[in-house]
Amino acid sequence: MSRPALLPLYINGRFEEEGARFDNISPVDGRLLSQAVEADAAQVARAVQAASDALQGPWGRYSAPERAALLHKVADGIQARFDDFVAAEVADTGRPLHLARTLDLPRAIANFRTFADLAVAQIDDCCETPQADGGLLFNYTVRKPLGVVAVIAPWNLPLLLLTWKLGPALAMGNTVVCKPSEETPSSAALLAEVMDKAGIPAGVFNLVHGFGPGSAGEFLTRAPQISAVSFTGESRTGSAIMKAVADGVKDISFELGGKNAAVVFADADFDTAVAGVARSSFFNTGQVCLCTERVYVERPIFDRFVAALKARAEALKPGYPDEDGVDLGPLVSRQHRDKVLSYFALAREEGAVVVTGGETPRFGDARDQGAYVRPTIWTGLPDHARCVREEIFGPVCHIAPFDDEEEVLRRVNDSPYGLACALWTQRLDRAHRLARRVQVGIVWVNAWYARDLRTPFGGSKLSGLGREGGRHSLDFYSDISNVCVKL
Ligand SMILES: NC(=O)c1ccc[n+]([C@@H]2O[C@H](COP(=O)([O-])OP(=O)(O)OC[C@H]3O[C@@H](n4cnc5c(N)ncnc54)[C@H](O)[C@@H]3O)[C@@H](O)[C@H]2O)c1
Ligand SMILES: O=C/C=C/C=C(\O)C(=O)O
């Protein structure tokens, strides 16, 4: 049997294959796709040291336009290997080909280009301060790189979320050590090849594969030379990372979990709202932090809405990534599927009415060795049910009726999370009024997951710390000083 392809580390401008290996398994049919090198503590330490040294090398003397030109070259390199990256992302996640082609890849390219250009266009503050003695103070802002940034990404949008951090971190002159999720190492390995070919100076971009606790993730967050951690993943992981960096008082930017609500008023455009909630509940098989898992529908249209959403869910086609008309891929792993299935069982125990789904599809072929589940809709649970409060991160939502604005606002805000909310109503006065009172970082009105990379992105409460996007990213990835000159 031929040896599986090996995904190496990339440290100080060199690909490294030495070290323990872990399997990369297809969520479509359970077959072995490749193996990745698991970086040990020494390799992570060398990657961090290389990143630290690179700050003192040529990279430290690059201007913003010179860094931007290099990042555009990286974007060009991704574009040139578009199909390779699509194949890598689809292999690791099992998502439909069209999703990788229309979301993951265009966004990875945009993440580099957008922040390269924003960094060049960035201007900073200055002011004059008249003094009582007739003198004048001139204050101006100086923006320097933070230093070595640890970038830790999740498996649900592997390349999109890795490059969402890499783009601004590099554009602002930092050096990085990246650790993609152990579930989805392939596209990051390709990115290292593109970075290498684009001529990123040795040590500026480093890639280590591995797990979290007791592996590359933890070694990276505990490295003394890192200046900041930009992390996307589960809230409890964010808490663990906070503890790891607390003694060093490192900068952190966290995009964490969610239990997002959609609110559908009776005056909403019904078909648009049904389509929108179906998309926000089942997009990427429900594996997006922004996905809707709680739906509140104004009582007069509740029964009609439930029936319409049920029909939408049952019309979704699970299947192979390259199958015509496929809407749903598998969950990222059988382990994650078992977590989602445990909530399917819990919902029944908590007394849910299963409107549709709640089980795994039977294909009668290799896909039965994959991690598929059916899109699932529940009603009938109380707001305090675990299935209504805990993040499940699968193609599932619970629908409840409501009678008035104040009631639904209270229920939407009654959550330990605060990431996103979608409001469906044609009364824009009501939409603006509610948008200000919903305790989340991102509100969509008659839309969902429509993105402008210049806007602030992030969550409140357990959903995150800080905001990235536009100038928020430039600020996070900068060490900002004020200089005051007496004239
Ligand atoms: N808010 C957002 O923008 C956003 C986006 C995507 C995913 N998420 C959240 O991520 C979760 C799903 O992703 P996941 O399962 O990969 O999350 P996860 O927290 O299990 O892992 C995320 C990354 O952190 C690493 N990691 C785990 N423990 C670590 C530790 N102690 N120290 C350092 N690194 C560690 C993992 O190896 C992985 O690379 C969901 O909760 C989802 O809501 C949030
Ligand atoms: O799963 C979470 C998705 C996060 C998306 C982004 O950070 C983005 O679209 O920039």
Side-chain angles (χ1 to χ4, degrees), residues 6-22 36-62 67 70-71 74 144-153 162-163 165-182 185 188-189 191-231 240-253 476-479:
L6 183 62
L7 304 174
L9 311 178
Y10 184 69
I11 298 174
N12 201 21
R14 285 185 57 251
F15 291 96
E16 291 192 16
E17 296 187 351
E18 303 76 29
R21 298 170 178 196
F22 62 92
V37 178
E38 181 182 1
D40 64 17
Q43 289 168 310
V44 171
R46 273 197 295 109
V48 172
Q49 188 58 55
S52 180
D53 295 346
L55 288 165
Q56 312 311 322
W59 182 248
R61 296 186 290 279
Y62 272 51
R67 295 195 296 264
L70 201 44
L71 295 181
V74 170
K144 295 163 282 189
L146 280 174
V148 177
V149 178
V151 171
I152 300 177
L162 179 64
T163 55
K165 302 165 184 300
L166 272 181
L170 294 173
M172 300 314 287
N174 300 284
T175 57
V176 297
V177 180
C178 302
K179 199 209 70 71
S181 171
E182 57 278 17
L191 183 62
E193 293 177 18
V194 167
M195 288 275 187
D196 189 66
K197 187 174 180 189
I200 287 268
V204 171
F205 167 84
N206 301 275
L207 172 66
V208 293
H209 295 292
F211 302 80
S215 185
E218 184 173 357
F219 303 150
L220 180 54
T221 57
R222 292 189 179 282
Q225 306 98 313
I226 63 163
S227 301
V229 178
S230 181
F231 165 73
I241 292 173
M242 276 183 98
K243 294 187 181 95
V245 302
D247 291 346
V249 192
K250 307 295 171 73
D251 274 317
I252 52 177
S253 172
F476 175 72
Y477 292 105
S478 297
D479 186 16

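Side-chain atoms of Gln43 come within 3.5 Å of backbone atoms of Glu18 as a donor-acceptor pair (strictly under, hydrogens ignored). At least one donor-acceptor pair closer than 3.5 Å links the side chain of Asn174 to the backbone N or O of Gly147. Side-chain N or O atoms of Lys165 include none that pairs as donor or acceptor with a backbone N or O of Ile152 at under 3.5 Å. Side-chain atoms of Asn206 come within 3.5 Å of backbone atoms of Val176 as a donor-acceptor pair (strictly under, hydrogens ignored). Of the possible donor and acceptor atoms, none in the side chain of Thr175 sits under 3.5 Å from a partner among the backbone N and O of Leu55. In this structure, Lys250 contributes its side chain and Pro224 its backbone to a donor-acceptor pair below 3.5 Å.
In this structure, the separation between CH2 on Trp59 and CG on Asp53 is 16.0 Å, given to the nearest 0.5 Å. In this structure, Asp40 CG and Arg46 CZ are separated by 8.0 Å, a value rounded to the nearest 0.5 Å.
Between His209 and Leu9, the shortest heavy-atom contact is N-CD2, 3.4 Å.
Note on ring orientation: taking the six-membered ring where Trp is involved, the planes of Phe15 and Tyr10 are tilted (angle from 30° to 60°).
Side-chain contact between Val74 and Phe205: absent, with no pair of heavy atoms (C-beta onward) separated by less than 4.5 Å. Residues Leu166 and Met195 have side chains in contact (heavy-atom distance under 4.5 Å, counting atoms from C-beta outward). You'll find the side chain of Leu207 stays beyond 4.5 Å of the side chain of Pro8, heavy atoms only.
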Check your understanding: Hey, mind stepping through Ser253 and Tyr477 against side-chain hydrogen bond (donor to acceptor under 3.5 Å, both in side chains) and telling me if it holds?
Key -> CA-CA 10 Å; Ser253 172; Tyr477 292 105; 5.4 Å; no
